[in-house]
There are 2 protein chains.
Amino acid sequence: MDTTQRTEQQRSADRRRRELLEAADRVVLRDGPQASMNAIAAEAGITKPILYRHFGDKGGLYAALAQRHTDALLDSLRAALDAPADRRERVESTLDTYLGAIEARPQVYRFLMHPAEGGQSGEQGFDVGKHSAPLLRRMGEELATVIEERLDLGPEGQRLARVWGHGIVGMMHAAGDWWLGERPCSRAELVRSLADLLWGRLAAAGDRVGGPGF
Amino acid sequence: MDTTQRTEQQRSADRRRRELLEAADRVVLRDGPQASMNAIAAEAGITKPILYRHFGDKGGLYAALAQRHTDALLDSLRAALDAPADRRERVESTLDTYLGAIEARPQVYRFLMHPAEGGQSGEQGFDVGKHSAPLLRRMGEELATVIEERLDLGPEGQRLARVWGHGIVGMMHAAGDWWLGERPCSRAELVRSLADLLWGRLAAAGDRVGGPGF
DNA sequence: CATGCATGTTACTTGCGGTAACACGAGTGT
DNA sequence: ACACTCGTGTTACCGCAAGTAACATGCATG
């Protein structure tokens, strides 16, 4: 029948797609985000046009690749965020999960955060805005949902939650990016410092003697 | 004489360089970060090799361009940060200055934040890490210095200040990026919400009825 | 056995970063 | 007056990567 035919062929195509994505993954992990389509095709043991048949263009491949990792990371973060513990503990656990992930696979992280790098004219036919750090956006929205669900923030709670979701995620991201490059302290110290910031230590800190307060 | 000759020629070269940068600015403002060297040269009324003689490669031109805007923005931020007012007011003013800048010139902003996009193989001879968001790094370091100078944060103050500097800048950046794309609220509302977050409202918020606290 | 149809290939076009080699114009020493 | 240098500009080219067209092949089904 037609439908069974379709499903069987689609399964085959999906398997192939997954194989190609895994090959692309290996190459990106090795060469960074500037991996060429030729290199990816070679790693998969095939040639370019097949990649294009499966993913349309380089942006499509990268988007598919990014979504795999993004989904995986988001699952870990959700788990940390939903653990049975008090608020501060969960925040620290979530921060630590994120930092642990980017520490374990910096190449993947760089790819996810700067997916457009290395593209030649490929970016011309593709909207740049859609690409720029979709991971950050998704994390921000996710966190916003959690915040709004669980916290009582008054009448403007919804807007506050979204702003905070994106803001906190950005804080985590920028601090993590800087930390990953300079390694100025341990992961635990970084987590504590960020949680302290979120817990209002900035507002509570006293002015330094000899000058106006910051 | 030799020295006067040199200085005079160098002045001429500097003027030329500035003209080229302004032309490049116009093109980047129009075409986004994927502006080609050919287009920039054409806008300047010349051809490619001259650009390369002045800036070495595309990365050099982009770095020079980015530094101009980065310097300008940092000056504005410093002014807001140094104004004679209390801490909260200054924080809000700084946030507002940044958001106003990215709102006024989103193209410039996108260029500064994603300077590597649009490069073909040019990224190969250039270290990607050096390029990725140097503006964020500079803002983070700057803020860290201010925090450490003005706040009394105890024995670990130096480390805390740097973490917070980069963290706060990242918060501002991510929230601003999201806000610029979706425009979910006014600038003033965004500023207030972010300042509230920094002022500990996350820690102070009560749990929502009917579920465990976030 | 012929007909689709997915999968694979080679060979090409286009466009960009970057470079080599040449051309012109002005100031300079003899 | 003449060659020399030096900065500024050009055209023409190379290499490389994205993306495409056209052709080949294996396998199911009428």
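Proteins come first, then strands; the chains are lettered A, B, ... in the order of their sequence lines, and each starts at number 1. Computed from heavy atoms alone, side chains included, the values below leave out hydrogens, waters and symmetry copies.
Between the P atom of dT8(D) and the CZ atom of R15(B) lies a distance of 12 Å, rounded to the nearest Å. Note: OH (Y52(B)) to C1' (dG18(C)) measures 5 Å, nearest angstrom. Look at CZ on F55(B): it is 18 Å from C1' on dT19(C), rounded to the nearest Å. Atom pair N38(B):CG and dC13(D):P shows a separation of 16 Å (rounding to whole Å applied). Rounded to whole Å, the distance from CD on Q34(B) to P on dG17(C) is 11 Å. In this structure, L51(A) atom CG and dT9(C) atom P are separated by 10 Å, rounded to whole Å. Separating the CE atom of M37(A) from the P atom of dT14(C) is a distance of 20 Å, rounded to the nearest angstrom.
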Find every protein N or O atom lying less than 3.5 Å from an N or O atom of nucleotides 9-12 of chain D, and list the pairs.
residue	atom	partner	partner atom	Å
dG9(D)	OP1	R16(B)	NH2	3.4
dG9(D)	OP2	R16(B)	NE	3.4
dG9(D)	N7	R53(B)	NH2	2.3
dG9(D)	O6	R53(B)	NH2	3.1
dT10(D)	OP2	T47(B)	N	2.9
dT10(D)	OP2	T47(B)	OG1	2.3

Ring pair (Phe, Tyr, Trp, His ring centres under 6.0 Å) between F111(B) and Y62(B), worked out
CA-CA 9 Å; F111(B) 165 69; Y62(B) 276 27; 5.1 Å; yes

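The rotation axes computed at either terminus of the helix from dC1(C)-dG30(D) to dT30(C)-dA1(D) lie 30° apart, taking five pairs at each end and rounding to 10 degrees.
The NZ atom of K48(B) sits 12.5 Å away from the CD1 atom of I50(B) when rounded to the nearest 0.5 Å.
E141(A) places no side-chain N or O within donor-acceptor distance of the main-chain N or O of R138(A), the cut-off being under 3.5 Å. Under the 3.5 Å distance criterion, the side-chain polar atoms of S93(A) are left unmatched by any main-chain donor or acceptor of E89(A).
Every residue two or more places apart in sequence or in another chain that forms a side-chain hydrogen bond (donor to acceptor under 3.5 Å, both in side chains) with E156(B) is listed here: R159(B).
In this structure the side chain of V163(B) never reaches within 4.5 angstrom of the side chain of L197(A), judged on heavy atoms. Inter-residue side-chain proximity for M171(A) and I168(B) is flagged as unmet; no heavy-atom pair is nearer than 4.5 Å.
A donor and an acceptor atom, one from each side chain of D177(A) and H166(B), are nowhere located under 3.5 Å apart.
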